[in-house]
Amino acid sequence: MTEDGARGIPADLLITGATVLVHDDAGEVSFADRHRILVHGDTITAVEPDTGPAPAASLVIDAGGTVAMPGFINCHTHSPMVMFRGAAEDVPDERWFNEFIWPMEVNLTETDVEVATWLAAAEMIRAGVTTFADHYFDMDAIARVVDASGLRAVLGSTFFSSDGAAGLERSLGFALERRGTAAGRITTALAPHATYTVTDDDLAATAEAAREHDLLVHVHASESRGQTRHSIDRHGYTPVEALRRAGLLDVQTLIAHGIGIVAEDVPALSAAGGRVGVASAPKGYLKHGPDSTPVRLLAAAGVPVGLATDGAASNNTLDVWESMTYLALVNKAAERDPAYLPARAALRHATTESAAALGMTGTIGRLAPGHQADILLVDLDAPRLQPIHDLANTLVYSGRSDDIDTTIVAGRVLMRDRKLLTVDLEAILDDLRPRLARLTDRSHGRSIQNYDA
Ligand SMILES: [Zn+2]
């Protein structure tokens, strides 16, 4: 596989001798032994057998003995919430929001968000997350960290209908101003908070703006079966039907969670023809209830399911490798079928399906010519990984993000030999620690919203 025209021009990066995770024409995952990857600028220009004379390159990484795989994509997170990691545990959804998270979020300043996002960036680069879809407040602060850290992101400024018309205006303003920035690594989205905090009229206005400006819409919907029941009781239809009525299934829409998606939603989702994706964060679901994203139902509807962590206040980590493992385990249990969602399928969710859920097929999620050079090199020498009978099984069931040695985004090396090259973790922690008492103070008795879904 070689991109025409790149031959003869020295590469910026050459990775040699790797076992490369590739996708066949049917989208299935396989591994190509002893291959090399050429990168010109931010783009992969060739993935080919590592035989014959090596092409010229400014930087050569000998990746013998490692697996090269596409960077992980976190399809739904609130990255600054790492500041609340472990601060609200062992309570049901409603108490989690009303007694902990929303009262604590009253305390946030834009600087708090920026400092916390730096910690998230360090964690993500270490965990091999090269793209994250963020849905939060003070998005300009997050965009600055994306730019400076070298990560790639899909950023949406969260709004509620309680913000009035200014909410959508701010979300749209951010999306138009920041898209394509950070040398093209920032893509933007409109980010209504949820079907239960944003009115049908505001959802319709969001769909209209998305169509006019060709923007992704990133929204929490159908987060639990209880939410779906409440929506039917109150409005007479499901959250997915609310999205359809608003016109949001006619544009590129990313649904966070979708746990409460039911069989009656399938015709509308099928009709969306792959424009709608769902982000699944299975680890946190285990803490909050028995249900998780119905992957089998969504596959039948042609809906891509990408991997996510949600915020670290619920998931505790921003580790998408962990989400990949949980996705396989949780769905086997939910389907009562040990054959369901085998390792190669989990790897497909981690790569091409995650890219599709963000509307970024052809840009990220594959190591193939023309794709962005978002590449991980994974060491296989941990005792936990040996011996290897089937590499997909090893990666999904034994592997951990700690096995990642090198993280590359858009052709730039952000971590090498597990050393962060763009983030000063110690300085970030020094800046964050003195803020924690103020950030977690709930004595003011205020809240940014009331959860009643
Ligand atoms: Zn969320």
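Order of listing sets the numbers, starting from 1, for every ligand and every atom in it.
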(request) Decide yes or no for R366 and T351: does some side-chain heavy atom of the first lie under 4.5 Å from some side-chain heavy atom of the second? (result) no
(message) Using the ring centroid of each side chain, check whether W102 and H193 are separated by less than 6.0 Å.
(response) yes
(request) Could you grab the protein N, O or S atoms closer than 2.8 Å to the Zn ion (ligand 1) for me? (result) H76 NE2, H78 NE2, H220 NE2, D310 OD1
(message) Checking H371 now: which residues fulfil ring pair (Phe, Tyr, Trp, His ring centres under 6.0 Å) with it, not counting sequence neighbours?
(response) none
(request) Using the test ring pair (Phe, Tyr, Trp, His ring centres under 6.0 Å), find all partners of F100 that sit at least two apart in sequence or belong to another chain. (result) none
(request) Please list all pairs passing the side-chain hydrogen bond (donor to acceptor under 3.5 Å, both in side chains) test where one or both residues lie in residues 248-257, with sequence neighbours left out. (result) H257-Y285, H257-D310
(request) Identify whether the distance between the nearest side-chain nitrogen and carboxylate oxygen of R178 and D140 falls below 4.0 Å. (result) yes
